[in-house]
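Working notes, beginning with the structure itself.
These numbers come from a predicted model, not from an experiment. Positions are given from 1 along the sequence.
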Amino acid sequence: MRGVLHHLDHIQSLGVNCLYLTPVFLSTANHRYHPSDFTKVDPMLGGEDALRDLIAECKRREIRFVLDGVFNHTGRGHWAFASLLDAQEQSPYKDWFLPKSFPVVAYGVERHHVNYECWWDLPDLPKLNFDNPGVVEHILDVGAHWVREFGVDGWRLDYPIEIPDAFWREFRRRCRAEARHVVTIGELFGVRPECVGEGGHFDSLMNYAFGTCAVGFVGGGVELRQDDAIGGDYQITPVDADGFRRAYGDVCAAYQSAHDESADGGLGGGSAHPSMLMNLFDSHDTARALWMLRGDDAALELLLLMQACAPGPPMIYQGTEVGQIGQLGLDGSGRDPHNRQAFPWHERDRWNEDILAHVREVGALRNETYALRRGGMRWRDARAAAKEFADENSNDDQDATRKNPRVIAWERYFDDAARDGPGALCVFHSGKDGATGPTLVDAGFGPNAALQILHGKDRTAVVRTDADGRVELDLPPQSGVVLAPMV
């Protein structure tokens, strides 16, 4: 914890305004997903005093602080499970767990031969019984305790799918009784609009669906099956611009269609919305982004720009900003534990300074551009500017110029630009073999509008839309540009 505190300048320089830590609870495992006590900070991390100091400094810097809640199971060293092993049927905590027979045997037993229910049938991860009122009340108290006593701003909730939805609604209610702004973020794969918002049971989800689409678009043909890189439902298939638009459009549409603008209060107007999702493409549960992209720095930089321009807060996994690949490099496995390599604080010569500068730039871009944080999103058409680029097989006069399969464009917009401010046009080119050539993009700002380049190769240039409201661009390989009306 002291180490994180010492490096907050670096973290904040990335544009970070919310810090999420993996588990800090007392644990028998170095990654601390084997909790022994939900109310104590592991002394190896500095204990409670170190956590208080870190949270206090985050608050001074206006950085929100989110803890990782591992409540589906405990470790074998948890005090309640130790009581079960010691007293067996006589333990007052025997119903906190799910024994299949007695005596419960937790050591010297192989996986799949355990006589109590475990997470993934691992003997060292006994599952808690959420049909037991004592378990329910204990975990509810734990959630409120860390908000009340330490001032945490939210919870990332690990593997919540096997715990009843009603519990998570009550968990959020109890935490918000301590501080109204507290958010809960569910670690759920896939598209689950029914889980989000006041009508659901979480305020946000880890939106791996964004990573699935975006890595497939920028990756230049990279394809990963679940067992190639990570656990969990995270599979990458290559997509072109139309494929990205369909796949990511479906994700956004699912949440947008569940959004109720008339609902009172709460995050996202009281219901699901794409802007509520925490967008990510790598984490401690996935291969590192640069491993998935086979060491392609330019693809990673484009991916980071797309993430900064998408609706919903971007999440950066520590080390991604300096180009970490994983302990075994490109030729080794990308799986846990190799993807969990520590940050190379003492090996500055290993940092990729170009990627670091880019992360800082796109972090500032998002923080300084209101439309990227709060605007709606709609797709924009992009086509070759000249008819010599036309598809020879097309007989449609209205389709006289072709679409580039490696160019995607969207606008972040406001219905009332006079009140909320200007929108932003975001255009991305994932092709590796050359520039796009002159390309006309429907900007959405009307005819003859003067645009400034917020991100791109010529920040001093002023670009104007034509009489049809289109802007002409020529994007280098694996690059993007963000434009907004001059104000």
Non-neighbouring partners of [X] that pass ring-ring contact (aromatic ring centres under 6.0 Å, His included), sequence neighbours left out:
X	result
His7	Trp345
His455	His358
His34	His31
Tyr413	none

Determine which pairs satisfy salt bridge (Lys or Arg N to Asp or Glu O under 4.0 Å) with at least one residue from [range], sequence neighbours left out, and list them in order.
range	answer
residues 287-296	Asp296-Lys432
residues 319-331	none
residues 434-443	Arg380-Asp442

What pairs of donor and acceptor atoms, side-chain ones from residues 154-168 against any protein atom, are under 3.5 angstrom apart with sequence neighbours left out?
from   : atom 1 : to     : atom 2 : distance (Å)
Trp155 : NE1    : Gly143 : O      : 3.4
Arg156 : NE     : Tyr20  : OH     : 3.0
Arg156 : NH1    : Asp68  : OD1    : 3.1
Arg156 : NH1    : Asp68  : OD2    : 3.1
Arg156 : NH1    : Asp158 : OD1    : 2.9
Arg156 : NH2    : Glu187 : OE2    : 3.3
Tyr159 : OH     : Glu162 : OE2    : 3.3
Glu162 : OE1    : Lys127 : NZ     : 2.7
Asp165 : OD1    : His201 : NE2    : 3.3
Trp168 : NE1    : Pro160 : O      : 3.1

Enumerate, atom names and distances included, each donor-acceptor pair closer than 3.5 Å involving a side-chain atom of residues 299-318, sequence neighbours excluded.
from   : atom 1 : to     : atom 2 : distance (Å)
Gln307 : NE2    : Asn279 : O      : 3.0
Gln307 : NE2    : Met315 : O      : 3.0
Tyr317 : OH     : Asn339 : O      : 3.0

Q: Please work out which of the three classes, parallel, tilted or perpendicular, describes the rings of His284 and Tyr33, given edges at 30° and 60°.
A: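 The arrangement is parallel - the two ring planes meet at less than 30°.
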Q. Who pairs with Glu170 by salt bridge (charged side-chain N to carboxylate O under 4.0 Å, His left out), at least two apart in sequence or on another chain?
A. Arg173
Q | Counterpart residues, salt bridge (charged side-chain N to carboxylate O under 4.0 Å, His left out), relative to Glu361 (two or more places apart) | A | Arg459
Q: Would you check, one step at a time, whether the test side chain to side chain contact (heavy atoms under 4.5 Å, CB included) holds for Asn352 with Asp297?
A: CA-CA 9 Å; Asn352 186 316; Asp297 295 356; 2.9 Å; yes
**Q.** All side-chain hydrogen bond (donor to acceptor under 3.5 Å, both in side chains) counterparts of Glu353, not counting sequence neighbours
**A.** Arg348
Q. Can Arg32 and Leu45 be said to form a side chain to side chain contact (heavy atoms under 4.5 Å, CB included), step by step?
A. CA-CA 11 Å; Arg32 293 175 184 81; Leu45 299 178; 3.6 Å; yes
